[in-house]
**Student:** 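Mind having a look at this structure? Questions to follow.
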Amino acid sequence: MPERKPRKDATRNRAAILAAADTLFARLGSPEDVTMADIAAAAGVGKGTLFRAFDDRPGLLRALYEARLEPLREAVEAGPPPLGPATPPRQRALALLDAVLCFKLDNRRLALALEESGSSSPYQAEHYERWHGLLRAVLDQVPGLTDSDFTAHALLAATRADLVEHLAGQERIPRERMRAQFANFVNRVLASGALQGLTAEE
């Protein structure tokens, strides 16, 4: 039996709700300042329509997060260097992690709200599993590097939204300095891992 397509009005409502939420979150800065009623009113729909489209607040946050993430995902999966598949693995891993950090900086309140809103572990989120799988696959191609699964987890942990919020908000580390510090950290991890792998092979 073919999968039922959503009705045109449901598709329009969903797009209007995401656009309204995106505008309100950008204007007010923190998702905590935006209520579901605010979003429904801005989208011109009833609260019932909003909840039918997204089930609950975490569902709406996830959908908005995924919508903002889509251009980056496309660049990584099919774009040109330094993010695309044609890039040498070590440079691609650096570019990928820098892009994730920049995305978290640009969307830090939304990312933080999303990590805090769910009852399950953020490591079980679909977007995290996708980034971990992609980074692990790239690290698998770095000569000499071993245990790419753990290394991918450890490097992505440095881009967690709560840490990014603390560094940018509490410690007020400038964006470009944070990017440079993170790149140095990633380089040290990759160099150390590759060296240990080559030593183990001798």
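Just so you know, these numbers come straight off a predicted model, no measurement behind them.
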**Student:** Between K104 and T159, is there a donor-acceptor pair closer than 3.5 Å when you use the side chain of the first and the backbone of the second?
**Tutor:**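 Side chain of K104 to backbone of T159, a donor-acceptor pair under 3.5 Å: yes, one is there.
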**Student:** Do D38 and D33 pass the side-chain contact (heavy atoms from CB on, under 4.5 Å) test, and can you show the C-alpha distance, the side-chain angles, and the key distance before you say yes or no?
**Tutor:** CA-CA 10 Å; D38 292 334; D33 297 330; over 6 Å; no
**Student:** Do the side chain of N107 and the main chain of L110 share a donor and acceptor less than 3.5 angstrom apart?
**Tutor:**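 No.
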**Student:** Ignoring hydrogens and geometry, is there a side-chain-to-backbone donor-acceptor pair from S192 to R188 under 3.5 Å?
**Tutor:**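 No, because the side chain of S192 does not come within donor-acceptor range (under 3.5 Å) of the backbone of R188.
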**Student:** Taking the side chain from R92 and the backbone from L83, do they hold a donor-acceptor pair closer than 3.5 Å?
**Tutor:**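 Pair found, side chain donor or acceptor close to backbone of L83.
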**Student:** May I ask you to test the R73-E66 pair for a side-chain heavy-atom distance under 4.5 Å?
**Tutor:**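 Sidechains of E66 and R73: in contact.
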**Student:** Start with the C-alpha gap between R27 and D22, add the side-chain angles, then the distance that decides, and say whether salt bridge (charged side-chain N to carboxylate O under 4.0 Å, His left out) holds.
**Tutor:** CA-CA 9 Å; R27 183 187 306 158; D22 197 27; over 6 Å; no
**Student:** If I take atom CG from residue L139 and atom OG1 from residue T146, how far apart are they, to the nearest 0.5 angstrom?
**Tutor:**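 If we round to the nearest 0.5 Å, L139:CG and T146:OG1 are 11.0 Å apart.
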**Student:** A side-chain contact here means heavy atoms from C-beta on lying under 4.5 Å apart; do R90 and V138 qualify?
**Tutor:**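 R90 does not reach V138 side chain to side chain.
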**Student:** In the structure I gave you, are the side-chain heavy atoms of R109 and F25 within less than 4.5 Å of one another anywhere?
**Tutor:**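 In short, these two side chains do not touch, never coming nearer than 4.5 Å.
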**Student:** Q181 versus F185: any side-chain heavy-atom pair under 4.5 Å?
**Tutor:**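 Heavy-atom side-chain distance check fails, nothing below 4.5 Å.
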**Student:** With heavy-atom distances below 4.5 Å as the criterion, would you say the side chains of L112 and R108 are in contact?
**Tutor:**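 Answer no - side chains too far apart.
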**Student:** Is any side-chain heavy atom of C102 closer than 4.5 Å to one of R175?
**Tutor:**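 They are in contact (side-chain heavy atoms under 4.5 Å apart), so the answer is yes.
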**Student:** Does any donor atom in the side chain of T49 or R52 lie under 3.5 Å from an acceptor atom in the other side chain?
**Tutor:**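 Yes, because at least one side-chain N or O of T49 sits under 3.5 Å from a partner of the opposite role on R52.
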**Student:** What pair of heavy atoms forms the shortest contact from A53 to I17, and how long is it?
**Tutor:**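 Heavy-atom minimum between the residues: CB-CD1, 4.3 Å.
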**Student:** Using only atom types and a distance under 3.5 Å, with no angle test, would you say the side chain of H132 pairs donor to acceptor with the backbone of D149?
**Tutor:**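 Yes, because the side chain of H132 sits within donor-acceptor range (under 3.5 Å) of the backbone of D149.
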**Student:** Could you give the distance from CE (M178) to CG (L163), rounded to the nearest 0.5 Å?
**Tutor:**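 CG of L163 is found 8.0 Å from CE of M178.
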**Student:** Does some side-chain heavy atom of F103 sit less than 4.5 Å from a side-chain heavy atom of W131?
**Tutor:**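 W131 does not reach F103 side chain to side chain.
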**Student:** Main chain of P82, side chain of T87: is a donor-acceptor contact present, judged purely on distance under 3.5 Å?
**Tutor:**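 Present.
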**Student:** Of the non-hydrogen atoms in A168 and L105, which two are nearest, and what is the gap between them?
**Tutor:**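 Scanning both residues, the minimum pair turns out to be CB-CD2, 4.1 Å.
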**Student:** If we only count heavy atoms from C-beta on, is the L156 to L97 side-chain gap below 4.5 Å?
**Tutor:**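 Sidechains of L97 and L156: in contact.
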**Student:** Can a side-chain donor-acceptor contact be found between D140 and S148 if the only test is distance below 3.5 angstrom?
**Tutor:**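 On atom types as modelled, these side chains qualify, holding a pair under 3.5 Å.
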